[in-house]
Amino acid sequence: MNFNKVCVLGLGYIGLPTASTFATHGLQVIGVDINPEVVQTLQNGGLHIQEPGLRTLVQAALRSGNLSIRNQPQEADAFIIAVPTPFYEDKKADLRAVSAAAAAIAPYLRKGNLVVLESTSPPRTTMDVVAPLLEQSGLKSGIDFHLAYVPERVLPGQILRELIENARVIGGVDRASAEAGRELYRLFVRGELILTDATTAEMVKLMENTYRDVNIAIANEFARLADRFGVDIWEAIALANRHPRVNILQPGIGVGGHCISVDPWFLVEAAPDLARLIRTARMVNDEQPAFVVDIIRRSVGDLRGLNVAALGLSYKADVDDVRESPAIAVCQQLLQAGAKVRAFEPNRVHIKVEGVPTAQSLEEALQDAALMVILVAHQPFRTFDPATIAKMMPGRLVVDAVNLLDEWHWKAEGFRVVKLGSPSKD
Ligand code: SAJ
């Protein structure tokens with residue numbers, strides 16, 4: 001198949017890098033977003049999301065003349081749907097954006113086109129939701145046009161590199177669709193392109209993130225057990241991982257982000273009678289912020305009126321993304337318990353989070369703090385100097401929920417350091 005023009009629907013963390021990469025590889029690309037602010041920002045040369053290297057890539061794509069940003073699709077050789085799939089309050093997948101994108105493509109669909117769904121979706125979405133909407137054009141999937149599910153697998157923070165280097169699973173509604181998908185992605189992907197059917201590809205994507213969620217849940221549960229038995233979890237994990245077939249992940253304050261904390265629910269929703277372990281793992285990870293608050297409560301006694309500087313609000317280290325962030329959950333629970341929280345996110349200093357007071361600098365966050373709690377292992381926190389911090393805050397208590405600080409070093413400056421999953425060294 002020959003691809004000259006691609007239309008990418010959804011210009012977020014996946015769609016924008018994908019559209020820009022196609023454009024810098026010589027294709028004509030129409031990037032489509034329904035949010036007028038996103039369209040305007042991009043058209044004016046701005047960027048609405050943060051990702052290392054993305055600004056340079058988007059600027060190069062726009063400068064090449066190959067990328068144009070629109071609020072509606074156009075006729076093209078291929079269409080890629082990269083819109084969000086969040087969940088409703090009851091954890092059921094919210095497929096409204098996927099459905100709206102498929103419906104928006106239908107009027108522009110022509111014989112011989114390829115349509116790709118990249119958004120993480122419950123098993124059978126491509127066949128049962130997307131295909132019927134596209135077929136409202138009068139064309140049949142697998143006969144008149146190709147249709148494939150191609151999950152993205154990139155790690156936020158490393159999206160641009162992984163987009164090109166990672167292996168991709170290409171699931172067609174028929175063999176010809178999978179082959180058409182391979183032709184499209186081989187234009188820039190250097191990783192292996194592996195063909196399968198659409199429902200297998202959907203399941204593979206959900207299994208990958210569920211596997212990680214379950215493994216983080218066991219690490220978090222081990223941390224709670226270590227806490228009860230007076231064991232240092234960080235040492236115990238390092239020792240267990242010396243076994244040649246054991247690789248325990250890191251405990252933390254919970255699991256956030258728009259992928260791992262969401263995707264396992266799609267399997268639970270699709271088969272609640274079968275997905276018991278998956279559901280429990282989700283619950284263990286969702287309870288982890290409460291465990292962190294409990295550690296803080298045990299360290300200080302009463303939380304009421306306590307001035308807390310909460311450092312890090314993003315869902316993981318060195319990103320600015322706060323979607324489903326457990327750090328925000330910790331702050332909210334501290335506030336509910338009566339603490340006075342001032343949160344600081346160094347990757348997004350002007351961030352506003354409903355109900356959570358934020359500081360725009362480290363100085364501002366620490367100025368009245370009796371307690372500093374490190375919630376995210378951001379790079380700048382790693383090089384904190386206790387003598388400098390001692391001058392910035394009146395209190396001498398640090399709760400390190402992500403095993404970042406050298407306790408002895410801080411102790412020498414008069415600080416008490418309490419670590420998640422580690423008995424106090426006092
Ligand atoms: N986390 C831990 N302990 C760990 C590792 C992670 O508590 O040992 C926490 C993080 O702090 C974070 C959450 O888990 O809150 C998820 O972080 P992550 O780095 O594991 O993953 P994401 O959500 O940034 O990206 C994942 C990746 N999936 C896998 O590694 C299986 C990525 O490859 C996917 O493309 C992405 O989800 C996605 O979009 O689905």
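Every value quoted in this text rests on a predicted model; they were computed, and no experiment measured them. Every number for a ligand or one of its atoms is a count from 1 in the order of the listing.
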- Query: Under a 4.0 Å heavy-atom cut-off, which residues neighbour ligand 1?
  - Reply: E152, R153, V154, L155, P156, K205, E208, N209, R212, I216, L249, Q250, G254, V255, G256, C259, I260, D263, Y315, K316

- Item | Qualifying salt bridge (charged side-chain N to carboxylate O under 4.0 Å, His left out) pairs with a residue from residues 155-170, counting only residues at least two apart or across chains | E118-R168, R161-E165

- What do the steps show when you test H25 against F22 for ring pair (Phe, Tyr, Trp, His ring centres under 6.0 Å), and what is the final call? CA-CA 5 Å; H25 282 71; F22 273 121; 8.0 Å; no

- Hey, could you give me the CZ/CZ distance between R396 and F415, rounded to the nearest 0.5 Å? 4.5 Å

- Message: With a 4.5 Å cut-off on side-chain heavy atoms, are E269 and D90 touching?
- Response: no

- Task: Determine, for R224 against E287, whether the closest basic-nitrogen to carboxylate-oxygen distance falls under 4.0 angstrom.
- Result: yes

- Query: Which class fits the ring pair W265 and F87: parallel under 30°, tilted 30 to 60°, perpendicular over 60°?
  - Reply: perpendicular

